[in-house]
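Each remark here refers to the structure printed beneath this line.
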Amino acid sequence: MFAYLIRRVLFAVPILIGVNFITFALFFIVNTPDDMARAQLGAKQNSPELIANWKQKHGYDKPLFLNLDAPSAVEGITDTLFVQQSIKLFVFDFGVSDAGRKISADILERIGPSLAIALPTFIIGIITSISFSLLIVLFRGSTLDSITMMIAVAIMSISGLFYIITGQVLFSKILHWVPISGFSSGWDGFKFIILPVAIGVFAGLGSGIRWYRSIFLEEINQDYVRTAKAKGLSEIKVLFKHVLQNGMLPILTGVVVVIPSLFMGSLIMESFFAIPGLGSYTIDAIASQDFSIVKAMVFLGSVLYILGLILTDISYTFFDPRVRLN
Amino acid sequence: MWNSPHHIDLLAKNVLFSSFSSPPKHLDPVISYNENEWVFNSQVYEPLLQYSYFNIPYQLEPLTLSKMPTITFLDSSNNETKNSADTSYTRYSFKIKENIYYQPHPAFAMNMKGNYIFHNLIEQDIKKIKTPTDFNTKATRKLKVDDYIYAIKRMAIKQNNSPILASMKPLIIGLESYSRKVSKAFDLKEDYRLKNYTISGVKKISATEFTILVKGVYPQFIYWLSMNFFAPIPWEAIAFYDQQILKEKNISLDTYPVGTGAYLLAENNPNKQIRLLANPNYNHGFYPSTGLSKDADQSLLDDAGKPLPFIKEVIYSLEKESVPAWNKFLQGFYDASGVSSGSFDQAISLNAGNMSLTEQMKDKDISFISVIEPSIFYFGFNMADEVVGGYSVKQQKLRQALSIAINYEEYISIFLNGRGVAAQSPIPQGIFGNLSGEQGVNTFVYDWKNNHTQRKSIATAKQLLAEAGFENGIDKDGKPLVLNFDTPLTGPDSKAILNWFRKQFKKLNIELIIRATDYNRFQDKVRTAQVQMFSWGWNADYPDPENFLFLLAGVNAPINTSGAGVNGANYDNPQFNKMFKQVKQMKSSPARQQLINKMVEIVREDAPWAFGFYPKELALKHSWYKNVWANPLANNTLKYKKINAEQRMQAIKVWNKPITWPLWLLLFFSIFAIYPLIKAYKNKQQKVIK
Amino acid sequence: MDISQISEVNGISLLWTDMMIWGLMIFLIVWGKYISSSLQVQQKWQIFFQSKIAMVSSIVLSYYLIITLLDSIQLSLEGGGTLLDILLNHMLNATERTYSAPFAITEYNKSLVVANDGIASQVYLPLKHVITDTSIVLQSVYALIYSVIIAGVLFFSHLIWLNSKYKASLKQTTLKIIRSESKLPWLTAYITIFMLILFSTWLLQLSNFYHVMGTDKVGEDVLYSVLKSIRTGVLIGLLSTIVTLPLALILGISAGLFRGWVDDIIQYVYTTLNSIPGVLLIASAVLVMHTIMNNNPDWFSSTEERADLRLLFLVLILGLTSWTGLCRLLRAETLKISQINYVSVANAFGVSKLKIITKHIMPNLSHIILITIALDFSGFVLAEAVLSYVGVGVDPTMNSWGNMINQARLEMAREPIVWWSLFSAFFFMFVLLLSANLLSDRVQKVLDPRA
């Protein structure tokens, strides 16, 4: 088990190098360091001298991948933007943003708001999806089943932007139930997260119900369930005792992979509702072409994704005795 | 009230609620050159001069000075002279007020022995510290002229990236050589007081007096002195903020300013909110009693002579999108709001050219203020381009034809809802040099009829186009004329705007190709003169025609300055350039006006710009928000403003009653739905048993 | 050669994306002919279309596809435009000044009017391109009559074709269909087709007199925009999916079949790509594309070509960044199949790899591929809207649902609300995605051996 984990972590290293390589290549085709300097310094203050100063101050005065002026071949590769900045990333030293703020301080501060939206959406989403799908599995084959499935497909076919736009107009502007946007930490923040969470849960309901329903249906057709029913157990008892319990394994293993990504926040939701989380941080960084933040977020996203894969593997061993990692 | 985005208790207090759409990047006054930063900085920092609140045309008045600076002209041997011809230097003498104190700040805190307590912090000291206000001990210090001199010295350090250093170096005597020396020494040791070298042109006379020596005659210099670049900076703050453990927490002069102004910045969270508190040590500001024009609302002078500031706390929340910000204003949660084109019809109805509020606004007792900004948006032709550029009569005619075709009156009415005035010259209204009425008409594009301007007809434009060699949009080789328009425009409105531009060119049967790019790339193309046509804007740094005419001066063309200049049209007319040199050095006078008229006429004929429009700023405010006056050049006006919190609370309560019946309906239906489900389940069970 | 001069054929010129979609159509027809020669495949499709839902949704999808194809024939007439533009010409020319509601006869907001006597007043200005001297009901009746005629001709020819195929009498076949006794649910199909024809003729007929779905901020007919947006949506959905296919197929199958270092490298590539948050990857790629296009302004000579090139690149980027999911599924499935006995045996007998792939592996992967195509299709159409919001979507001058929804953010904040743009975009997008999703459901049911 332990050896397996070490191997997985080591496997992550080349992937992260690859990720870094892609982000560097993509970003610097678009954005020369000169561009970045100008964007950061503003329209009224971009003399060549100021730009050179800025590049030096932020470490962008080195060549991208190959330093031909370096004294030795090794330094020709190591004394470059790519290697210098990647090394720092691997020890989670994100440095300062191009605007001069500490990125790690900002990230730490923004994880809270991101989770405040993502976690409730995730948990409530699972619970409601499971309850609805249990309900329709109970009435499987009936009109209720087919109607719910049609509604589920309909929910999936609507753009999330539509839910957000109409949700804001209806609940905030017309009914005055919740603030239109904003955020505050602590219990006072409840009123801010209720609408984005509700919209998030609703938008995910369609695919959720379909997925859980298929899992439960697969279980319900197993022999042991039939045996249980033959013994005279009521449908509800069968559902909760056998189907739900045995369905937990595929559900858990399918769900674990997304847990680390919750930290990244939701891009669209956060920027519509002015939640100061990591999602809106990323969007802003793209808009203002702040490469230091973009590469930090890409790196963080990749690390979390790989973490999700590892967690999935581990959860298999925990919940399914047949699987053993080696 | 369920939908308040603020703490409800705060709404009942003397607290102003406002918003910001993009976080300030730099609050260090030596770097900051952005309006969204000055909103905060100008409340905290106090340069020597300020724009007086009510005066139009714009006028400077002393802020920390006890009187306006004395100006002496000197000849080459430093003797006073009256003759402007032999003036080599100008000396500005300043005397500041006594007894001005800085805001309370840990940087000033000393122990009994006279050592600064917080200048050598260790990890433990700042465990619970998030902002400088969290320190338990704070102190203040009297303002000295040294702080002003210190600010100029800091500006000279290249590593500080001050945007105006390049323009100040040739002006202030000795700044250039000082800058060279100090920038070299800067990395070597931490000389916080910058005592090692002096600027020869900046002299301390006494504890309250100092002088600045400026090269030649440059009347606009005094405007620079009202900007935050010349705000005093205490060296203690630099020493305090230069500690790595504070930087780790995003605490620096770039995030937490230290000043003598009416407010201090208590919290700077660019991700969420920025909070200002009234400065308890502030004692030298009083509400103005003069300057208000006769036809303005005289109740603005009710508070004349009272000590400032009135509002105790200001909370700025981050609002990136205009839509939610606007809705919150309507609900009463913001005290004032700008008007975006999306919300315009809802707020304002146009009536015989005058704006008035809609019924909905009047019901809420909202009022508005508007002012033409000292800015211009223009449509530029690249004069270095083969097709649209050039100075021959034919080439002039092409641009004149296009200037007529691009109907900015229509643009203003469609996209700005009338919040703008079509420009007749590069100089906006309210700035010296702008002429109104018939005198000010651009006769190449407009006719003067029935006491107002009328754009020339498309037929005239077609005629000009034919004379330019493109009859009906076809060149002499029979190929249709195709022009390129570069734009960094994105966002919801861009499609409509770009289509509109194409329509304008279609009128002359010219195909317009839109080359949409991001802003960086766009700037880059303008800098390298790769654009053919583009639209851009300029905000005045100071209210002087020189600040607009220099956008067309040949010395500022990117092709002449290897990309550094602001003259994106690459306009370079020797006659114009010569007159520009003269105008730059003159004080506003009839002679200057005449010269400007000549320059404007040259530009109109050459038409390097289709002049575009001067934007009009429009702001709405609730009835409880008082003493509000629009002065686009004054940034430190927060201190004059006033709130009636009780009135606000009552209004908000009435406007935001939640509508609850759908909630009950929903609940009722969910309960109602359970019964048939249970019944159906029972039926099913029985079936199974059978 | 200058790209803009490629393929000028007899007054019809094609944009890049036009060529792609027509190429795809031709490929599909040829491929369809080829595989339908197999009886097994025929049977599968028979089962597939037995479901009414599958019938309805495939007809609706074809409807969208037909509009797309009509909009993909560029005519080099005066002023340019596509075949669809000619049909909708009256709407294109009927531009008003600004917002007007569906079926309105005046503008949505009051404007200032100065009368001859110099008195100014606030009035709702009348629309320029609305003809009010006819009743909506009367025109609807006309539309009904037209559509009955069109549908009648269509159905009759179909019946005759069925007759000739099954050699039954016309009466028998008709009765069979009406009593729903035919093998395939032809009655449902007829009803659907009739509804679609009725819907289209009604819209077309009334759009001669009114702005059926109102006008937008600059007075353009919303119905026109929303119909033109169909092409953008369908192209993004279809072409992006087509771009992912070869990559996912080749890499997925080779990884599963050859294993070893091939598998390692392919796994490395897709895990790396997958681990970059999707929007970030797409956004940066789109920014790169902008740069490249700006450095090569001679690639296009008009705004349409520029927008088209941007769409093409967007499609490529979407495709190149989203093949990983399918690739992973295919790899796993191939691994599973190649361990089954007959494949190992074939391998041992020295049957060539290519033959193994085409004979044994591909047929067993078809359900995965089809299901993923259907799901990816709706994913891409939805993604277009989100990308437009982030500012990296299609060209802002292009008609697209994303651009419409993006604009609607401002419109919904107005008072009174301008709802028709959002609603129209929503409706047309919803119907397309609903049909695609329902179809994918059916594919799953019929083709997935486990379901």
Side-chain angles (χ1 to χ4, degrees), chain A residues 11-12 14-19 21-23 25-31 146 149-150 152-154 156-162 164-166 168-169 173-174 206 210 214 217-218 261 264 267-268 271-272 279 282-283 285-287 289 294-295 297-306 308-309, chain C residues 53 267-269 271-281 283-292 375 378-379 381-386 388-392 401-402 405-406 408-409 411-413 415 417 419 422-423 425-426 429-438 440-441 444 450-451:
Chain A
F11 183 59
I15 289 179
L16 291 176
I17 292 177
V19 167
F21 184 81
I22 293 174
T23 26
L26 278 179
F27 206 89
F28 279 107
I29 294 174
V30 196
N31 241 16
S146 41
M149 288 318 286
M150 274 298 281
V153 177
M156 280 168 67
S157 307
I158 294 170
S159 167
L161 295 177
F162 182 81
I164 298 178
I165 294 174
T166 44
Q168 270 184 333
V169 169
K173 197 181 159 193
I174 296 174
R210 281 157 56 94
S214 69
L217 280 184
E218 203 160 300
S261 326
M264 292 292 284
L267 300 176
I268 305 297
S271 55
F272 262 100
T282 317
I283 289 257
I286 297 177
Q289 315 213 330
V294 172
K295 87 182 173 245
M297 291 311 293
V298 168
F299 187 79
L300 198 65
S302 313
V303 170
L304 291 173
Y305 174 81
I306 293 166
L309 293 183
Chain C
I53 288 179
Q267 272 203 67
Y268 170 73
V269 172
T271 320
T272 308
L273 267 185
N274 238 358
S275 65
I276 301 179
V279 178
L280 279 179
L281 188 61
S284 352
V286 170
L287 289 176
V288 171
M289 165 193 91
H290 288 186
T291 318
I292 295 172
L375 280 179
S378 33
V381 176
L382 286 173
E384 190 267 322
V386 173
S388 291
Y389 169 74
V390 184
V392 293
W401 292 320
I405 292 179
N406 207 8
R409 274 191 297 150
E411 294 170 349
M412 294 294 281
E415 190 80 37
I417 288 176
W419 49 270
L422 180 69
F423 175 78
F426 159 75
M429 202 171 162
F430 174 68
V431 172
L432 174 66
L433 292 176
L434 189 66
S435 334
N437 283 332
L438 289 174
S440 88
D441 259 15
Q444 197 156 13
R450 279 168 305 182

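In the text below, chain A, chain B and the rest are named by the order of the sequence lines, each starting its count at 1. Since this is a predicted model, take the numbers as computed values, not measurements.
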Would you mind checking which part of [X] comes under 4.5 Å of any heavy atom in chain C, side chain (CB onward), backbone (N, CA, C, O), both or neither?
| X | value |
| --- | --- |
| A:Ile283 | side chain |
| A:Leu309 | side chain |
| A:Met264 | side chain |
| A:Val169 | side chain |
| A:Phe299 | neither |
| A:Ser214 | neither |

Could you give the distance from [atom1] ([X]) to [atom2] ([Y]), rounded to the nearest 0.5 Å?
| X | Y | atom1 | atom2 | answer |
| --- | --- | --- | --- | --- |
| C:Leu375 | A:Met156 | CG | CE | 6.5 Å |
| A:Ile15 | C:Thr271 | CD1 | OG1 | 4.5 Å |
| C:Leu382 | A:Ser157 | CG | OG | 8.0 Å |
| C:Met412 | A:Ile164 | CE | CD1 | 13.0 Å |

- Check each atom of C:Ala283 against the heavy atoms of chain A and say whether the ones under 4.5 Å are side chain, backbone, both or neither.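 Side chain of C:Ala283 only, per the 4.5 Å heavy-atom cut-off to chain A.
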- Interchain contact, C:Ser378 with chain A, by part (heavy-atom threshold 4.5 Å):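 For C:Ser378, there is no contact with chain A at all, as no heavy atom is under 4.5 Å.
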- Taking atom CD of C:Gln267 as the centre, report whether more than 12 heavy atoms of other residues, nucleotides or ligands fall under 6.0 Å from it.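 Yes - once you tally the heavy atoms of other residues, nucleotides and ligands closer than 6.0 Å, there are more than 12.
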- May I ask you to check whether over 12 heavy atoms, not counting those of C:Tyr268, lie within 6.0 Å of atom OH?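 Yes.
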Any heavy-atom pair between the side chains of [Y] and [X] that's under 4.5 Å?
| X | Y | value |
| --- | --- | --- |
| C:Leu422 | A:Thr166 | yes |
| C:Tyr389 | A:Ser271 | yes |
| A:Met149 | C:Asp441 | no |

- Kindly write out the residues that satisfy side-chain contact (heavy atoms from CB on, under 4.5 Å) with C:Leu281, not counting sequence neighbours, or none if the list is empty.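 Counting only residues at least two positions away or on another chain, C:Leu281 forms a side-chain contact (heavy atoms from CB on, under 4.5 Å) with A:Ile22, A:Leu26, C:Leu273, C:Ile276, C:Thr321.
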- Message: I need the residue from A:Ser261, A:Ser159, A:Ala12 with the largest number of non-hydrogen atom pairs under 4.5 Å to chain C.
- Response: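 Top option by heavy-atom pairs under 4.5 Å: A:Ser159.
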- Message: For chain C, which candidate among A:Arg210, A:Met150, A:Met297 shows the most heavy-atom pairs at distances under 4.5 Å?
- Response: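 Option with the top pair count is A:Arg210.
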- Return the option, out of C:Val386, C:Thr272, C:Val279, with the maximum number of heavy-atom pairs under 4.5 Å with chain A.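 Result: the option with the highest number of such pairs is C:Thr272.
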- Query: When heavy-atom pairs shorter than 4.5 Å are enumerated against chain A, which of C:Asn274, C:Val431, C:Ile53, C:Val269 gives the highest number?
  - Reply: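 Result: the option with the highest number of such pairs is C:Asn274.
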- Check whether the ring centres of A:Phe162 and C:Phe430 lie less than 6.0 Å apart, and answer yes or no.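 Ring-ring flag for A:Phe162/C:Phe430: false, centres at least 6.0 Å apart.
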